Amino acid sequence: MLTLNLIGCESKNPSPSAAEKPKPVFSLGIFERVQGTDFMMTAVRPKDDPRNESIFAKVGSGSGYEYSDPDVHNFIFLNLKDNSFTQLFSNNDYLISRFNTFPTKARDGNDSKVEFFIYRIVKTDTNNDQKLNDEDKQVLAISEVNGAGFTELIDGIGSVYAQEMKDPDTLTLVYWKDLKRWLSNIDVRNKKVTYTAELPEFTKTLN
């Protein structure tokens, strides 16, 4: 694995004080082609994480490619046309608990050209257990396939129950937030939430 020295590198101070927490060193995994595009991407993990797994793991017939990892803090993108690199975040302070590629399927049922990513980002230790993980509240965000246009859409999300393209321009999401279940529609072209409603309390109506 390649050691990433430009972001999240160790402090150069020879003797940091005992109160200072040393910054972790991060490494890159393998680069993989984003299907149907001129971009490749890889995950940024702590250097002591030995995994070098594919970031594109197929899940479910309707779910496209989904990636979940407890130690990913950034993504690096390579533009094959001009050999340039970009990174999703300017530092490695956040945790990317999950991301999905969309659209999930072409009209003929085959794998389609990836147009955008949906992320779940942990930015704050909301349960005060001194670490970032998927037990914390998360931010739902979107970006284009090269990480450009990164936009936060919904904050404070817990579980996600459904995430599906309603039509070529609209992503429908069912999720848990503020002790309630919600449904939101997201305009993926303009990167904004266009509709949100609370779901009924089905368990009560079924009793």
Side-chain angles (χ1 to χ4, degrees), residues 34-35 43 55-75 88-89 93-145 147-207:
V34 181
Q35 185 166 301
I55 59 175
F56 295 115
K58 196 66 174 288
V59 295
S61 59
S63 300
Y65 289 92
E66 182 178 75
Y67 179 65
S68 176
D69 192 307
D71 287 319
V72 170
H73 292 259
N74 216 333
F75 284 120
L88 187 64
F89 302 129
D93 293 342
Y94 304 145
L95 178 73
I96 303 170
S97 67
R98 193 175 300 267
F99 91 95
N100 291 81
T101 64
F102 285 94
T104 57
K105 291 288 183 181
R107 292 177 182 267
D108 59 6
N110 295 318
D111 291 334
S112 62
K113 173 184 176 181
V114 176
E115 296 185 46
F116 59 94
F117 296 130
I118 292 289
Y119 308 86
R120 279 181 253 172
I121 312 293
V122 180
K123 300 177 69 175
T124 307
D125 177 20
T126 58
N127 62 1
N128 298 313
D129 65 354
Q130 308 305 311
K131 57 185 177 181
L132 299 182
N133 54 40
D134 57 10
E135 299 297 321
D136 295 306
K137 293 181 180 179
Q138 303 177 54
V139 178
L140 187 88
I142 188 172
S143 84
E144 296 162 24
V145 294
F150 179 84
T151 303
E152 296 184 359
L153 298 169
I154 306 173
D155 195 5
I157 284 181
S159 300
V160 173
Y161 304 104
Q163 190 170 268
E164 189 66 40
M165 293 298 295
K166 179 179 181 179
D167 57 53
D169 299 315
T170 308
L171 176 70
T172 294
L173 189 79
V174 180
Y175 57 96
W176 179 261
K177 178 182 178 180
D178 298 331
L179 302 179
K180 298 177 181 179
R181 292 179 177 86
W182 302 88
L183 182 148
S184 292
N185 287 335
I186 297 166
D187 178 347
V188 298
R189 310 300 169 186
N190 294 300
K191 301 182 179 65
K192 63 181 181 180
V193 178
T194 57
Y195 173 84
T196 296
E198 182 183 351
L199 268 65
E201 185 55 70
F202 294 111
T203 55
K204 291 182 178 180
T205 60
L206 292 173
N207 287 339

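Note that the structure is predicted; figures quoted are calculated from it, not measured.
Each of Leu140, Asn100, Leu88, Leu153 was compared with Tyr119 under the side chain to side chain contact (heavy atoms under 4.5 Å, CB included) criterion, and only Leu88 meets it. A ring pair (Phe, Tyr, Trp, His ring centres under 6.0 Å) with Phe150 is found for one member of Tyr94, Phe89, Phe99 and no other, namely Phe89. The residue from Val193, Val139, Thr196 that alone fulfils the side chain to side chain contact (heavy atoms under 4.5 Å, CB included) condition with Ile154 is Val193.
Looking only at atom types and distance, the side chain of Gln35 has no donor-acceptor partner in the side chain of Thr101 under 3.5 Å away.
The minimum heavy-atom distance between Tyr175 and Ser184, with the atom names listed, is OH-OG, 2.8 Å. Of all non-hydrogen atoms in Arg181 and Trp176, the two that sit nearest each other are CG-CE3, 3.6 Å. In plain terms, the two heavy atoms of Ala141 and Glu152 that are nearest each other are CB-CA, 4.0 Å. The two atoms that bring Trp182 and Leu199 nearest to each other are C-CD1, 3.4 Å, heavy atoms only.
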Determine, stepwise, if the pair His73 / Leu95 fulfils side-chain contact (heavy atoms from CB on, under 4.5 Å).
CA-CA 5 Å; His73 292 259; Leu95 178 73; 4.2 Å; yes
Might you work through the side-chain contact (heavy atoms from CB on, under 4.5 Å) test for Ile96 and Phe75, ending with a clear yes or no?
CA-CA 9 Å; Ile96 303 170; Phe75 284 120; 3.6 Å; yes
Verify side-chain contact (heavy atoms from CB on, under 4.5 Å) between Arg98 and Gln163, making sure each step is shown before the conclusion.
CA-CA 12 Å; Arg98 193 175 300 267; Gln163 190 170 268; over 6 Å; no
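For the atom pair Ile121 CD1 and Ile157 CD1, the distance stands at 11.0 Å (nearest 0.5 Å).
The side chain to side chain contact (heavy atoms under 4.5 Å, CB included) test applied to Asn127 returns Asp125, Asp129, Asn133, Glu135, Asp136, not counting sequence neighbours. Remark: Lys191 pairs with Ile142, Glu144, Thr151 by the side chain to side chain contact (heavy atoms under 4.5 Å, CB included) rule, at least two apart or across chains.
In this structure, Lys177 contributes its side chain and Asp155 its backbone to a donor-acceptor pair below 3.5 Å.
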Taking only distance into account, with no hydrogens and no angle test, what donor-acceptor pairs under 3.5 Å do side-chain atoms of residues 165-174 form with protein atoms, sequence neighbours excluded?
{"from": "Asp167", "atom 1": "OD1", "to": "Asp169", "atom 2": "N", "distance (Å)": "2.9"}
{"from": "Asp167", "atom 1": "OD1", "to": "Thr170", "atom 2": "N", "distance (Å)": "2.9"}
{"from": "Asp167", "atom 1": "OD1", "to": "Thr170", "atom 2": "OG1", "distance (Å)": "3.0"}
{"from": "Asp167", "atom 1": "OD2", "to": "Thr170", "atom 2": "OG1", "distance (Å)": "3.3"}
{"from": "Asp169", "atom 1": "OD1", "to": "Arg189", "atom 2": "NE", "distance (Å)": "2.8"}
{"from": "Thr172", "atom 1": "OG1", "to": "Asn185", "atom 2": "OD1", "distance (Å)": "2.8"}

